[in-house]
Amino acid sequence: MKLTLEEDGLRLDAAIAAAVEGLSRSAAQKLCEEGRVTLQGKPLSKKEKLSAGTEIDIDLPEPEPLEAQPEDIPLDIVYEDSEVIVLNKPVGMVVHPAPGHSSGTVVNALLYHCAGELSGINGVVRPGIVHRIDKDTSGLFIAAKTDRAHLSLAAQLQDHSLYRLYHGIVVGGLREDEGTVNAPMDRNPKDRKKMAVVTGGREAVTHYKVLERLAGYTYAAFRLETGRTHQIRVHMAHLGHPLLGDRVYGSPKGYPGLAGQCLHAKELSFVHPATGERVTVKSELPPYFTTILEKLRRQG
């Protein structure tokens with residue numbers, strides 16, 4: 001795989017992880033340590049800092065034996081072919097195994113449904129996983145069945161051609177009917193489990209549009225230009241309008257009837273890695289969302 005670096009001065013492991021959205025920094029470090037990242041045939045250190053425009057070679061290893069176990073968990077499949085699969089993820093379902101969630105995840109379900117035929121680029125715990133969606137966010141989620149699809153989708157995330165539209169309800173009334181939040185993000189220096197708007201952080205851009213104004217709340221659409229962890233939640237909290245029910249970035253008490261934030265991934269559009277055709281899929285709002293929306297409308 002050839003990769004052209006886009007930023008000056010970044011450590012190589014960070015630059016690779018930033019460029020290939022589905023590749024973790026630890027996985028990028030491992031590739032460097034194994035001598036799989038080279039410049040004109042010379043292995044590069046993970047600490048190397050290169051200029052923008054430099055083209056490097058990455059020798060991706062064969063997929064390791066999968067550690068996550070297949071589980072027969074029903075999936076709401078919106079689109080599927082030999083390269084990709086798009087799911088409608090329910091609230092409360094974790095995407096990949098992690099401490100405290102070793103089973104019952106999207107990965108466990110995908111391993112069963114796809115009979116292990118998933119991209120191996122992102123390691124043994126997150127096979128096929130290209131992007132993230134929070135446990136308590138519902139809606140559309142795409143996974144890669146092949147390495148070709150994984151690299152294509154990761155590139156689309158990088159150049160912003162993978163379109164992702166969310167619907168959500170925020171606390172309070174957004175001042176403008178539409179706007180853009182361009183605020184860099186990184187780990188919260190005071191709490192590493194949380195994200196925050198941080199000077200010098202990674203670029204993070206969220207576009208929003210008001211769909212309906214309610215008494216004390218706003219129903220809005222959010223389009224991600226970048227895909228940082230918790231991006232919509234952090235950006236809305238930064239504006240002073242956290243997502244309804246968000247116990248991390250909003251009220252610690254949450255909202256009655258909500259497991260977490262009121263946020264749904266409603267539309268997804270991507271260029272198919274094999275055909276080059278654009279594929280667009282949409283999802284209806286789930287019952288939990290419409291129930292709360294109707295309740296707020298009655299209150300108004």
Side-chain angles (χ1 to χ4, degrees), residues 1-4 6 16-24 27 58 60 63 75-90 93-96 105-107 109-111 113-114 117-123 126-134 137-168 180 202-209 221-232 235 263-286:
M1 170 193 178
K2 291 189 179 295
L3 178 67
T4 302
E6 292 193 347
I16 294 171
V20 184
E21 187 75 22
L23 194 72
S24 66
I58 303 176
L60 295 170
L75 291 173
D76 182 1
I77 299 170
V78 181
Y79 176 92
E80 181 179 15
D81 60 27
S82 61
E83 296 280 341
V84 299
I85 181 169
V86 181
L87 310 174
N88 193 21
K89 188 188 83 68
M93 192 174 193
V94 176
V95 169
H96 59 79
T105 72
V106 171
V107 164
L110 283 174
L111 286 172
H113 175 79
C114 300
E117 293 183 0
L118 293 167
S119 161
I121 287 176
N122 216 22
R126 297 188 286 178
I129 303 305
V130 180
H131 70 116
R132 305 173 181 90
I133 185 169
D134 296 339
T137 296
S138 57
L140 298 173
F141 172 85
I142 189 169
K145 289 187 173 184
T146 67
D147 287 357
R148 173 175 67 174
H150 190 123
L151 293 172
S152 172
L153 293 172
Q156 290 177 56
L157 281 166
Q158 183 185 3
D159 66 17
H160 315 313
S161 60
L162 197 156
Y163 177 88
R164 289 164 293 165
L165 185 74
Y166 289 70
H167 281 196
T180 297
R202 297 178 68 186
E203 180 188 25
V205 181
T206 305
H207 305 282
Y208 67 86
K209 181 177 181 179
F222 307 97
R223 180 172 66 82
L224 289 177
E225 187 169 316
T226 55
R228 308 305 171 210
T229 302
H230 301 170
Q231 181 174 310
I232 295 172
H235 274 174
L263 187 63
H264 180 72
K266 198 170 192 307
E267 187 172 334
L268 180 71
S269 181
F270 61 96
V271 176
H272 195 278
T275 68
E277 299 291 328
R278 179 159 287 277
V279 178
T280 299
V281 291
K282 299 181 180 181
S283 167
E284 296 297 322
L285 293 175

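Just so it is clear, the values below take in all heavy atoms, side chains as well, and ignore hydrogens, waters and symmetry mates.
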>> Looking at K145 and E80, is there a salt bridge between them, counting it only when a charged N and a carboxylate O are closer than 4.0 Å?
In response: yes

>> Applying the side-chain contact (heavy atoms from CB on, under 4.5 Å) criterion to S138, which one of H167, M93, H264 satisfies it?
In response: H264

> Less than 4.0 Å between a side-chain N and a carboxylate O, is that true for E267 and R164?
Replying inline: no

> Under 3.5 Å, is there a donor-acceptor pair between the side chain of H160 and the main chain of E225?
Replying inline: yes

>> Against K89, only a single residue in V106, D76, V94 fulfils side-chain contact (heavy atoms from CB on, under 4.5 Å); can you say which?
In response: V106

>> Between R202 (side chain only) and R228 (backbone N and O only), is there a donor and an acceptor less than 3.5 Å apart?
In response: no

>> Looking only at the side chains, is there a donor atom on one of S269 and R278 sitting less than 3.5 Å from an acceptor on the other?
In response: yes

> Roughly how far, to the nearest 0.5 Å, is the OH atom of Y208 from the CD1 atom of I232?
Replying inline: 13.5 Å

> Does any N or O in the side chain of E83 come within less than 3.5 Å of the main-chain N or O of A144, such that one atom is a donor and the other an acceptor?
Replying inline: no

> Does the D147 side chain pair with the main chain of G120, one donor and one acceptor, at a distance under 3.5 Å?
Replying inline: yes

>> What I want to check is whether the side chains of H96 and T105 have a donor and an acceptor closer together than 3.5 Å.
In response: no

>> Tell me if the aromatic rings of F141 and H131 count as close, with their centers under 6.0 Å from one another.
In response: yes

> If you measure only the distance, is there a donor-acceptor pair under 3.5 Å linking the side chains of T226 and E203?
Replying inline: no

> Is the backbone N or O of V84 less than 3.5 Å from a side-chain atom of D81, with the two atoms forming a donor-acceptor pair by type?
Replying inline: yes

